[in-house]
Enquirer: 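Next up is a structure, given as structure tokens.
Note on naming: letters A, B, ... go to the chains in the order of the sequence lines (proteins, then strands), and numbering restarts at 1 for each one.
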2 protein chains.
Amino acid sequence: MTTKAKAKTETAAGAPGDTRTRIVRAASRLMQRQGYDGTGIKQISQEASATLGSVYHFFPGGKQELAVAAIQHGDQEFVEELRHVLGTVEDPAEAMIVLSRRMAEGLRDSDWIDGCPITTTSLGAAGRIPDIQTAAARTFARWRDLVQDKLRAGGIAQEDAYELAHTAISTLEGAELAAQVSRSMEPLEIAGRHLARLITLYK
Amino acid sequence: MTTKAKAKTETAAGAPGDTRTRIVRAASRLMQRQGYDGTGIKQISQEASATLGSVYHFFPGGKQELAVAAIQHGDQEFVEELRHVLGTVEDPAEAMIVLSRRMAEGLRDSDWIDGCPITTTSLGAAGRIPDIQTAAARTFARWRDLVQDKLRAGGIAQEDAYELAHTAISTLEGAELAAQVSRSMEPLEIAGRHLARLITLYK
DNA sequence: TTCTGGATAGAGCGTTCGTTCTAGAGGAGA
DNA sequence: TCTCCTCTAGAACGAACGCTCTATCCAGAA
């Protein structure tokens, strides 16, 4: 009631189909597949059933601001997948196998087009656009932290857990990339087994 | 002397500065940094000190053909680095540590812009352009084969060597990506140590 | 010398890019 | 009813895109 604006969608309700959300989702999906430069604002607005005016209304910072939001959306998506697997499978080593298999299946089911939700978006642009580099770095750190906590909870020493979490994320990332490019689940399946084996060494 | 044409540059000498080579090198370097869609043909021709006419003379297939040549160039570049390290360091496990450190140093020395020579080029385009996906897949397979041979020579069984080579390439790839995005050598250094540890398990 | 074909040179094509701008629709509060 | 403000709508701009095209250069063959 003061002059300060209310939360933007307080009255209109932040429904899942609300325009801003549709735009972010479309941007995230398209950039995941085609990269930052390969995806146009107009394509995003069409895919989101929104107009150019709406896009620039919600993202006055233009394509760069939209890309950062898309990365954060992809981040959150994988955080939920990660939380689900780590929360379901008790043994951290076993969890790596389950995780890699699920990633492989998701990749195959999308006909090898939906890889890591943030790598493609950020790779070509990170060198030119600092905000995108920062957002991508924060994402990796977040994923690593989740794995690290799981390893600690599994009885692994802090320093070992820290390093293993680094390698777990790196290896899964690289294996997903290799799997996508070679259109085969094998790199991810092998990576899962090796990560499990590596983790059991530190228990 | 027959009607069959001689090798194109037989007389003109395939000097390192020859136009076609300069174009491929510029394309490879630029696409490595900016991706397929982020790199323009005109930018490549300027960087190579060539003209648009020359580019389309040597690459009538246009940007796609040029991108494939750029990937093969990047492939060859890393093959030489790989051959050098694997040929110098006798122990395969130790070789992984040396390799990852050299990759980390190269990345840092380029101020974190020169990552994997083919990932950025191929990621956004592989889904749309089959030739690029195929070239990237062949590249990964080639790198893996070199590592696999080294592991075999180090006394590791065929099946184990096959799988370890997969994980070695995946992990190095992912760690380079993480290192680039977080502007830190740590992911690569940790990856090298873990790969070495993993390899010694199979000896 | 004349001829030939690889290589260089760059103007210009149609298209798409990211962005800006003005206009209007729709709902809440006075 | 009138006002205000968020959000929708899309035409239009200059720049850059990939690519085509014609013209020219020049070394070696005839």
Side-chain angles (χ1 to χ4, degrees), chain A residues 1-15 17-24 26-27 30-31 34-70 124-125 128-129 131-132, chain B residues 1-15 17-24 26-27 30-31 34-70 124-125 128-129 131-132:
Chain A
M1 281 302 207
T2 70
T3 55
K4 173 176 284 186
K6 299 174 179 179
K8 285 175 187 174
T9 53
E10 191 188 38
T11 50
D18 95 346
T19 306
R20 203 197 118 100
T21 303
R22 288 202 319 275
I23 292 171
V24 172
L30 289 170
M31 287 186 178
Q34 306 170 342
Y36 179 82
D37 290 298
T39 305
I41 299 265
K42 284 171 186 170
Q43 188 188 8
I44 291 169
S45 73
Q46 282 167 14
E47 185 79 11
S49 299
T51 65
L52 221 44
S54 298
V55 173
Y56 280 94
H57 171 75
F58 289 110
F59 301 94
K63 197 181 189 181
Q64 298 189 8
E65 186 184 346
L66 186 46
V68 170
R128 286 170 290 154
I129 305 163
D131 286 355
I132 291 182
Chain B
M1 283 302 210
T2 69
T3 53
K4 174 176 283 189
K6 299 174 180 181
K8 284 174 187 172
T9 54
E10 191 188 39
T11 51
D18 99 343
T19 306
R20 205 196 117 99
T21 303
R22 287 202 320 275
I23 292 171
V24 172
L30 289 170
M31 286 186 178
Q34 307 171 342
Y36 179 82
D37 290 298
T39 305
I41 298 266
K42 282 174 185 166
Q43 189 188 9
I44 291 169
S45 72
Q46 282 166 13
E47 186 79 12
S49 300
T51 65
L52 216 48
S54 297
V55 172
Y56 280 94
H57 171 74
F58 289 111
F59 300 93
K63 196 181 189 180
Q64 299 190 8
E65 186 184 346
L66 186 46
V68 170
R128 289 170 289 154
I129 305 163
D131 286 355
I132 290 182

Enquirer: Sequence neighbours left out, what passes side chain to side chain contact (heavy atoms under 4.5 Å, CB included) with B:Gln43? Give chain and number order.
Expert: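 B:Gln43 satisfies side chain to side chain contact (heavy atoms under 4.5 Å, CB included) with B:Leu30, B:Gln34, B:Thr39 only.
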
Enquirer: I need the full list of salt bridge (Lys or Arg N to Asp or Glu O under 4.0 Å) pairs touching residues 45-66 of chain B, with sequence neighbours left out, sorted by first then second residue.
Expert: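 Output for this query lists B:Arg29-B:Glu47.
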
Enquirer: Please report, rounded to the nearest Å, how far the P atom of C:dT8 is from the CD1 atom of B:Ile23.
Expert: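 My rounded result for the distance is 7 Å.
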
Enquirer: Output every pair passing salt bridge (Lys or Arg N to Asp or Glu O under 4.0 Å) with a member in residues 36-45 of chain B, not counting sequence neighbours, ordered by first then second residue.
Expert: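 Found B:Asp37-B:Arg128.
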
Enquirer: Could you tell me how far apart A:Arg20 (CZ) and D:dT6 (C1') are, to the nearest whole angstrom?
Expert: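 Rounded to whole Å, this separation is 14 Å.
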
Enquirer: Which whole-number value in Å describes the distance from B:Gln43 CD to C:dC17 C1'?
Expert: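 Computing the B:Gln43:CD to C:dC17:C1' distance gives 16 Å.
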
Enquirer: Both A:Thr39 and B:Thr19 contact DNA chain C. Taking the nearest nucleotide for each, which residue is further toward the 5' end?
Expert: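 Per heavy-atom nearest nucleotide, the more 5' residue is B:Thr19.
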
Enquirer: Please list, one pair per line, the donor and acceptor atoms closer than 3.5 Å that link side chains of residues 54-62 of chain A to other protein atoms, with sequence neighbours excluded.
Expert:
| residue | atom | partner | partner atom | Å |
| --- | --- | --- | --- | --- |
| A:Ser54 | OG | A:Thr51 | OG1 | 3.4 |

Enquirer: At a cut-off of 3.5 Å, list every protein nitrogen or oxygen paired with a nitrogen or oxygen from nucleotides 19-21 of chain C, distance to 0.1 Å.
Expert:
| residue | atom | partner | partner atom | Å |
| --- | --- | --- | --- | --- |
| C:dT19 | OP2 | A:Tyr56 | OH | 2.9 |
| C:dT19 | OP2 | A:Lys63 | N | 2.9 |
| C:dT19 | O5' | A:Tyr56 | OH | 3.4 |

Enquirer: Specify the residue among A:Asp37 and B:His57 whose closest nucleotide of DNA chain C lies further upstream toward the 5′ end.
Expert: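 Result: B:His57.
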
Enquirer: So, is B:Ser54 close to the C:dA7 phosphate, meaning a side-chain N or O under 4.0 Å from OP1 or OP2?
Expert: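 Answer is no, no contact under 4.0 Å.
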
Enquirer: B:Gln46 CD to C:dG10 P: how many Å, rounded?
Expert: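 One finds 11 Å between P of C:dG10 and CD of B:Gln46, rounded.
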
Enquirer: Can you tell me the distance, in whole Å, between the CD1 atom of B:Ile44 and the C1' atom of D:dC17?
Expert: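 The distance from CD1 of B:Ile44 to C1' of D:dC17 comes to 12 Å, rounded to the nearest Å.
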
